[in-house]
Amino acid sequence: MIDIKEIRENPERFKKAAADKHFNVDIDKLIEIDSKLKDAKQKLQDILTEKNKVGKEIPKLPDAEKQKAIETLAQLKQQEQDYNETTKNLQPQFDALMLEVPQPADDDVPLGKDDTENVEIKKVGEIRKFDFEPQDHVRLGLALDIMDIERGVKLAGARNYFLKGDGAMLHWAVLRFAVDFMVAKGYTPMSPPMLMKYETMTGTGYYPGSEEQTYRTLDELSLAGTAEVPVTAYYKDEILLAGDLPKKFVALSTCFRREAGAAGKDTYGLYRIHQFDKVEQVIICKNDIEESKKLHAEILANSEGVLQALELPYRVVNVCTGDLGRGQVQKFDIETWMPSRKNYGETHSASRFYEFQARRLNLRYKDPKTKKNLFCHTMNNTVIASPRILIPILELYQTKDGSITIPKVLRPYMNGKEKIARS
RNA sequence: GGAGCAGUGGCUGAGCGGCUGAAAGCGACGGUCUUGAAAACCGUUGUGCCUACGGGCACCGGGGGUUCGAAUCCCUCCUGCUCCGCCA
C-alpha cells in the first residue's frame with residue numbers, strides 16, 4: 001500500500017506507475033473520495049470537540065441550564081450521526097481503491113510490456129553439449145520409475161504428479177540442501193502454516209487481484225502459493241526493535257497454485273504444476289532504500305550460490321515494468337537452463353517491496369533516532385523450488401545410458417548414492 | 001461438541017461509570033558513575049489522524065447499545081485459556 005500523502009502530492013506519478021505496470025486504478029476517483037472523506041472526518045472531529053466541551057460542563061451547571069445543554073447535545077448528536085454516515089459510506093470505497101494503487105518501479109527497472117522485454121544482466125555456467133541425443137525429464141523420469149504423472153492426473157487431475165523412489169529422495173535432497181545452505185548463512189528456518197486468512201493474503205499484496213490463482217477452502221481460508229505469505233506476515237501488527245533487524249528467514253513449504261488462465265501453457269512435464277515444494281528466503285529490514293537494495297542483492301546471491309553448488313547454468317534477468325507485480329519495485333528472475341525447453345526457464349524470483357507489504361501488514365519497528373514507528377521493508381526470493389529444479393538436474397545430469405549422475409552436493413542427502421539408474 | 005474464565009500501552013499487569021490515555025514492573029532511550037562493560041541511581045518513553053502548530057480528535061479484541069458522560073454497564077461477534085466429552 002502507498003502512503004495517501006504521496007498520492008495527494010503527486011498523483012501523476014502513480015498514474016504512470018499503473019500504466020507502466022498494466023494495472024487499472026482510478027487515481028482521480030481516489031483523490032476525490034479522499035478529499036470528501038477528509039472533509040467529513042474534519043467536520044466530525046469539530047463536532048466531537050464541541051460535544052466534549054458541552055458534556056464536560058454539564059455536572060457544574062445549575063439545573064435550569066443543564067436542560068438546555070442536554071438539548072444542544074442532542075442536536076450535536078444528530079449532526080454527528082450524519083457525518084458518521086458519510087464517513088462509513090466513503091471509507092470502504094477509499095480502502096478498496098488504496099489497495100489497488102501500484103508502487104512505482106525503481107529507476108533501473110526496464111520499461112516493457114511483458115516478460116519478453118525483461119533484460120538479461122548476467123549469464124553464468126557452461127551449457128552442456130551432448131554427444132548423444134538427450135532426453136527430457138519426463139522420459140528420463142518415467143524410464144527410471146522415479147516419477148508418475150499418469151497416476152497423479154488420475155487421482156488429482158491435470159498438472160498433478162507423483163515422485164517416487166529416488167525421484168522423491170532427490171526432491172527432498174534438493175530441498176534439504178537448500179535449507180542447510182541458508183541456515184549456514186544465519187537464516188532462521190521456518191515451517192509455516194499455508195492456510196491463510198483473506199487479510200493475510202491482502203497484507204502481502206496477493207489480494208485483491210490473485211483470488212482466481214488461489215485455492216480457497218470452504219472455511220474461507222486460502223492455500224498460499226508461496227511461504228512468502230506466512231513468513232512476511234509473521235510479525236503482522238507488531239512493532240519490532242530496530243536492533244533486531246534485519247530478520248532473515250528461510251522457510252520450506254508446499255505451495256499451491258491454481259494456474260488459472262494458463263490452460264494449454266506448459267502442460268508438459270513438471271514445469272507448471274498445481275502443487276510443489278519450495279524453500280523461500282524472506283528478509284524484513286529497516287526502512288532504508290540502500291539497505292533494501294543491499295539485502296536484495298544478498299538474497300539474489302544466495303540463490304545463485306545454490307545453483308552454482310548444483311553446477312547448473314543460469315542467467316539473471318532484470319524484470320521489466322510490465323511483468324512486475326503491483327507491490328514490487330524491482331524483481332530479478334533467475335532462469336536455469338533446461339535442455340528440453342532449449343531455453344532458460346524461470347526457477348527463482350527475487351522481489352523487493354520497500355514498505356509496500358509492511359504498510360498493508362502494519363509491520364513496523366521503532367526507529368531509535370526519531371523515536372518514530374516506521375514501516376519495515378520486505379523482500380523475498382526463491383532458494384529452490386522442486387520439482388521444477390529437477391527438470392534441469394535430470395536433463396543436464398543424464399548420461400548416455402539413461403541414468404542420472406547425482407550432483408555432488410546432494411549425495412550426502414541421498415545416503416551417499418552417486419547415480420540413479422534403472423533397477 | 002458441553003461448561004467456565006479472559007482479551008488494557010513494545011511486553012507483563014492494575015483499573016471496573018466522570019478525578020484514567022490509563023498505576024506498577026520489565027524493556028527501550030538519555031544521563032551520572034566506570035579504563036570499558038555490568039550493577040546502582042536520576043530522567044524520558046503508547047498509537048494513529050487532523051492542525052490555523054496554540055492545540056484538537058480517536059483508540060483499553062471487533063461491532064452495536066445504555067448514559068449528559070464508558071476501558072469500566074448491556075448485547076453480539078471474534079480470539080485465547082481451563083475443565084469435561086470425543087478422536088488419535
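A, B, ... follow the sequence lines: proteins, then strands. Residue 1 opens every chain. Here the structure is a predicted model, which means the values were calculated and not measured.
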Quote, to the nearest angstrom, the [atom1] distance that separates [N] from [M].
N: B:A22; M: B:U82; atom1: P; value: 35 Å
N: B:U51; M: B:C41; atom1: C1'; value: 40 Å
N: B:G15; M: B:A6; atom1: C1'; value: 16 Å
N: B:U79; M: B:C87; atom1: C1'; value: 24 Å
N: B:G61; M: B:U12; atom1: P; value: 13 Å
N: B:G48; M: B:G9; atom1: C1'; value: 13 Å
N: B:C73; M: B:U66; atom1: C1'; value: 8 Å
N: B:U47; M: B:C60; atom1: C1'; value: 12 Å

Pair assignment for [N], Watson-Crick or G-U wobble, requiring both distances under 3.5 Å:
N: B:C59; answer: B:G46
N: B:G25; answer: B:C11
N: B:U34; answer: none
N: B:U66; answer: none
N: B:U82; answer: B:A3
N: B:C87; answer: none
N: B:G17; answer: none

Checklist entry - What nucleic acid atoms does A:Lys5 come within less than 4.0 Å of, heavy atoms only: base, sugar-phosphate, or nothing? => result sugar-phosphate

Next on the checklist: So A:Asn373, base contact, sugar-phosphate only, or nothing? Heavy-atom distance under 4.0 Å.
Outcome noted: sugar-phosphate

Checklist outcome for this item: Contacts of A:Lys88 and A:Lys197 projected onto RNA chain B by closest heavy atom; the upstream (5') one is A:Lys88

Checklist entry - When the nearest nucleotide of RNA chain B is assigned to A:Thr49 and to A:Ile239 on a heavy-atom basis, which residue is associated with the more 5' position? => result A:Ile239

Checklist entry - Of A:Arg159, A:Arg388, A:Arg257, A:Arg272, which meets salt bridge (Lys or Arg N to Asp or Glu O under 4.0 Å) against A:Asp266? => result A:Arg272

Checklist entry - With respect to A:Asp34, which candidate in A:Arg8, A:Lys41, A:Lys29 satisfies the salt bridge (Lys or Arg N to Asp or Glu O under 4.0 Å) definition? => result A:Arg8

Rounded to whole angstrom units, what separation is found between the [atom1] atom of [X] and the [atom2] atom of [N]?
X: A:Asp34; N: B:C49; atom1: CG; atom2: P; value: 13 Å
X: A:Leu37; N: B:C50; atom1: CG; atom2: P; value: 11 Å
X: A:Asp367; N: B:G30; atom1: CG; atom2: P; value: 12 Å
X: A:Glu199; N: B:U79; atom1: CD; atom2: C1'; value: 12 Å
X: A:Leu241; N: B:U45; atom1: CG; atom2: C1'; value: 13 Å
X: A:Gln45; N: B:C59; atom1: CD; atom2: P; value: 12 Å
X: A:Leu363; N: B:G10; atom1: CG; atom2: C1'; value: 14 Å
X: A:Lys43; N: B:C50; atom1: NZ; atom2: C1'; value: 14 Å

Does [N] have OP1 or OP2 sitting under 4.0 Å from an N or O in the side chain of [X]?
X: A:Lys38; N: B:C57; answer: no
X: A:Lys366; N: B:U47; answer: yes
X: A:Arg8; N: B:C50; answer: yes
X: A:Arg364; N: B:G48; answer: yes

Checklist entry - Going by a 90° cut-off around 0, is B:G27 syn or anti? => result anti

Checklist entry - Between A:Glu418 and A:Lys408, is there a salt bridge with N-O shorter than 4.0 Å? => result no

Checklist entry - Do the charged groups of A:Asp106 and A:Arg352 touch, with an N to O distance under 4.0 Å? => result yes

Checklist entry - Going by atom types only, do A:Tyr365 and A:Asp244 share a side-chain donor-acceptor pair under 3.5 Å? => result no

Next on the checklist: Which heavy atom of A:Gln357 sits nearest to which heavy atom of A:Glu228, and what is that distance?
Outcome noted: NE2-OE2, 2.9 Å

Item to check | Short side-chain to backbone donor-acceptor contact, A:His296 and A:Ala350, under 3.5 Å | outcome: yes

